[in-house]
Novice: 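Sharing a structure below in structure tokens format, with a few things to ask.
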Amino acid sequence: MNSTKQERCKKRQVIVRAFAIGCLLVVIVVCGLFVTFWKNYLGDEYQGRKLLEWAVDLSFGNEETTEDLTARSNVERYEAAVKAVRHFGTNALPLALRLCRAKNSTLEVKLMTLCDDFNSKQSKYHLDRDIPDAENKWRTGLNIFRALGSNAAPAIPTLIEYLDRDNSAAANNATAALYYIGPAAIPELLVVLTNKNKSAASLAAFCLGKYGSNSTVAVPLLLKCLDDGDAHLRDSAAYALALISDDAETLVPALVRYLQLKQNRPHPDVFMKLRSFGTNATQAVPVLIEIIESKSGVLISRNALTALETIDPERGKRYKAKQADHKANEPQPAYIP
């Protein structure tokens, strides 16, 4: 009987010991996961400061001040932050990517709106909203990419995924981040140009344009985009071509065809490119005159006239005189003393 009790006690002890060891292992694993998460969230330390703290200081590179002492201090803080972020290297990318896709919840937006409304209606009391604004997070994330430059190339696949997401802010931030990384992203962006998601393709075209002549390999695909059914993609492709190509023989006919579509909203650089071709862009004269006479938009008409003045100076002078006469004959508002 006693031996049976002893066996039961031993079994209980084994079970209790196993349970205690299991609980201890769980605690160790949870602590390990928490430490890993904390390090990934804020980053490792450098000179006693977390990555996020250094990244916030990168904003001093965007600020201007008229006070010499303050300006010098800001420059020093910015340079120290750049050095720190580059020390972290690719370990800074998880934080940068997370910040670029950050969003404020509906509750946070409502609380921020209530604080702003309260502060705007009276001056005696002021509520400080401690909720971090998503735009500030985006700026910090992009500043990390700008500091790392081409060293942030390992983030390219994830940024390409952001272009194809419903989160428009993340997609726009990805475009800016890819620009900071540089031409290393061109092969992936060429794939996005053929994406069914026209918004993503449009952002890819815009980004390729930012790389200038480094993106000449994209010209054939961008020319095809000019005939796409999506107006935003056409506009981005035309903008990109204007920054990438200097081939008047190929580009002038393509841009003329693009400008003939009334629903397009051409970027000023499109007209500047035609202007740079001078008399080699005479094929564009009829469509430029059509834009000027249609008065579809003050800025577009003005840009068309500027291009016309260089491509065909005589006609440009004539239309400029017409505009001046029309402006002079416009009824002036009555002066009321």
Novice: Would you say the side chains of R101 and Y162 form a donor-acceptor pair under 3.5 Å?
Specialist: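 Side-chain D/A pair, R101 to Y162: present.
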
Novice: I need the minimum non-hydrogen distance between P313 and T310, along with the two atoms involved.
Specialist: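 For P313 versus T310, the nearest heavy atoms are CD-O, 3.9 Å.
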
Novice: What do the steps show when you test L251 against F277 for side chain to side chain contact (heavy atoms under 4.5 Å, CB included), and what is the final call?
Specialist: CA-CA 10 Å; L251 208 54; F277 290 142; 4.1 Å; yes

Novice: Please check this pair: side chain of S245 against backbone of L241, looking for a donor-acceptor N/O pair closer than 3.5 Å.
Specialist: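 It does not hold such a pair.
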
Novice: What is the distance from atom CZ of R318 to atom CD1 of I289, rounded to the nearest 0.5 Å?
Specialist: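 Going from CZ on R318 over to CD1 on I289, the span is 8.0 Å.
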
Novice: Give a yes or no on whether the backbone of K198 and the side-chain of S202 come within a donor-acceptor separation of less than 3.5 Å.
Specialist: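 Answer holds: no.
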
Novice: What's the separation between atom OG in S59 and atom OH in Y78, rounded to the nearest 0.5 Å?
Specialist: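 Here the rounded value is 10.5 Å.
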
Novice: For W54 and Y46, take the angle between the two ring planes, folded into 0 to 90°, and tell me which bin it lands in: parallel under 30, tilted 30 to 60, perpendicular over 60.
Specialist: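 Correct class here is tilted.
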
Novice: Please step through side chain to side chain contact (heavy atoms under 4.5 Å, CB included) for the pair L193 and L208, ending with a clear verdict.
Specialist: CA-CA 10 Å; L193 270 184; L208 286 165; 3.6 Å; yes

Novice: In plain terms, say whether D57 and R77 are close enough for a salt bridge, that is, a side-chain N and a carboxylate O under 4.0 Å apart.
Specialist: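 Salt bridge: yes.
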
Novice: Report yes or no: do Y319 and E309 form a side-chain donor-acceptor pair below 3.5 Å?
Specialist: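 Judged by distance alone, the side chains do not pair up.
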
Novice: Main chain of S168, side chain of N172: is a donor-acceptor contact present, judged purely on distance under 3.5 Å?
Specialist: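 Present.
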
Novice: Testing the basics here: between A171 and L163, what is the closest heavy-atom pair and its distance to 0.1 Å?
Specialist: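 Nearest pair, atom of A171 first, then L163: O-CD2, 3.5 Å.
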
Novice: Given Y258, which of D235, D227, N264 fulfils the side-chain hydrogen bond (donor to acceptor under 3.5 Å, both in side chains) condition?
Specialist: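 It is D235; the other options fail the test.
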
